[in-house]
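Heads up, the thing below is written out as C-alpha cells.
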Amino acid sequence: MIPIARPLIGAEEKAAVMSVLESGQLAQGNCVAEFERRFAELCGVSDAVAVSSGTTALHVALLAHGLGPGDEVITVPFTFIASANSVLFTGARPVFTDIDPATYTMDVDHAASLITPRTKAILPVHLYGQPADLGPLLELAQHHGLALIEDAAQAHAARYGKRMVGSFGTGCFSFYPTKNMTSGEGGMVTTDDPELAARMRMLRQHGMNKQYYHEILGFNFRLTDLQATVGLAQIDKLSAWTTVRQANAAYYDAHLPAGVAPVVRPGRTHVYHQYTIRVPGDRDRAVELLAERGVQARIYYPLCIHQQPFYRQLGYRDYLPHAEGATEVVLSLPVHPSLTEEERAHVACAVNEAIKLL
Ligand SMILES: *Cc1c(COP(=O)(O)O)cnc(C)c1O
C-alpha cells in the first residue's frame, strides 16, 4: 500500500536526538530557543514561541489576544477540529463562515457579513497547504480592529504574494508527524509583536515570568529539546521537500482527468500538505477502488465541524452549502516527498482507472 503520509527521519535527526539525550538538558533549553530563532527567520517575523502542539499554539495565541467568554471568533468549519476547539477552550464562540468552493479556504465576503460587536478575531485556515486569501482578510481585520490568527498547521513556508504565511497575523503551526515537517509532536506561534510573544511565553509555562513568580494562570505547553532538535534538522530539509511535493502535484495535475485537480489562486504558493482532488461520482467507492489498487487515499474531512456530534449538542446546524458539499467530493492522494517516481505514476494510473469505474 502506498501510504498517504510517510514521515522522513534521517541520520541528522537521530544524531541530534542522541546528543540532546547525552547533554542532560531535555526540556525547553537551548535547542528550543534555537528552533524558535530559526522558525522566526523562516517566516520573516521577529518572534516565534515553541509549544507542545498545533492545538496548544492556537490556544495560547487566542488567549494572548485576550479571547474569552462572550467573544466571537470567525473561522471555517471545513478543517481539522482543533481550529474551532481552541476557540471553545477560551470560552469564546466559533462563528463559522462558508468557504470558497474552489480553494476550500475562508469566503472573505461571508466572513465580513458575520462581524458583530462581539467579534474579536478572524481565524482562517490555510487548508491542505494553500494560503487563505490573506490580503483582503488582513484588511478586514485591520478595518474592524480584530486579531488575525492564521491556522498554518498545514502550510509551513507557503507564501501569499512574496510573504510567508504566519507573517500576516499571528501564525499557528503544527509539527505532528504527518505535517510538512515534524518534531514528533510540537507547535509554534509566530508574531511581529514582542509583547504578544512575551504573553504566550508566560501562558505556556504556568504564567511564569521570573522563576517561580506566577503572574497569570498558565499551562504546561512546553516543547522538549528532544523535539526541538528534530524540528531544527527538519527546517534544513523543508525547502527541498516542498519542491518535491510541488513536483509531485504538477505531475498529478498533468496526468489526472480534467477537472479533478486542486485549484490554486494566482499569487498563492501551495505547499501541498495534501493533494486533494474533487471526485466526479461516488467518492467513497473511489476510496475502495484505490485501496484495491494499493493506494491509500484519505478523506479530509468527512464532516464539517458544525456537523460533529459535539457541536450539534452546542446547537450548530447545517447552513453552509459549500463547506457541507466539500465533505462529499474531496479525496486526498499521497503527495509526500518520499514518494518514488514509480509510486506516483502508479497513483495517477490508479486514479484514472478508478474514476472510469465510478
Ligand atoms: C494538525 C492540525 C492542527 C492541530 O495540530 P496538532 O499538532 O495536531 O495539535 C490544527 N489545525 C489544522 C488545520 C491541522 O491540520
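In each ligand, atom 1 is the first atom listed, and ligand 1 is the first ligand listed. Computed from a predicted structure; not experimentally measured. Atom set for the values below is all heavy atoms of this structure, side chains included, hydrogens, waters and symmetry mates excluded.
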Would you say Glu139 has more than 12 foreign heavy atoms packed within less than 6.0 Å of its CD?
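12 or below, so no.
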Residue and atom name of the nearest protein heavy atom (relative to atom 15 (O) of ligand 1), distance in Å to one decimal
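Nearest neighbour among protein heavy atoms for atom 15 (O) of ligand 1, to 0.1 Å: Gln154 NE2, 2.8 Å.
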Write out the residue and atom name of the closest protein heavy atom to atom 11 (N) of ligand 1, then the distance separating them to 0.1 Å.
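It is Asp151 OD2, 2.8 Å.
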For Ala82, the ligand 1 atoms whose distance to one of its heavy atoms is below 4.0 Å:
4 (C), 10 (C)
Atoms of ligand 1, numbered as shown, that sit under 4.0 Å from any heavy atom of Ser53:
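Those atoms are 7 (O), 9 (O).
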Cation-pi geometry met for Arg93 and Tyr316 (6.0 Å, 45°):
yes
Taking N or O atoms only and a 3.5 Å limit, does Lys179 qualify as a polar contact for ligand 1?
yes
Hey, does Thr79 come in under 3.5 Å of ligand 1, counting only N/O atoms on both sides?
no
Interatomic spacing from NE2 in His144 to CD1 in Ile115 - rounded to 0.5 Å:
4.0 Å
Just how far is it from atom CZ of Arg268 to atom CG of Leu134, taken to the nearest 0.5 Å?
8.0 Å
Salt bridge or not for Asp47 and Arg37, using N-O below 4.0 Å?
no
Before accepting this row, confirm whether a basic side-chain N of the pair Glu215/Lys210 lies closer than 4.0 Å to the acidic partner's carboxylate O.
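Result for this pair is no, no salt bridge flagged.
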Hey, is Thr55 touching ligand 1 through its side chain, its backbone, both or neither, going by heavy atoms under 4.0 Å?
both
Check contact between Gly187 and ligand 1, using heavy atoms of the residue and a distance below 4.0 angstrom.
no
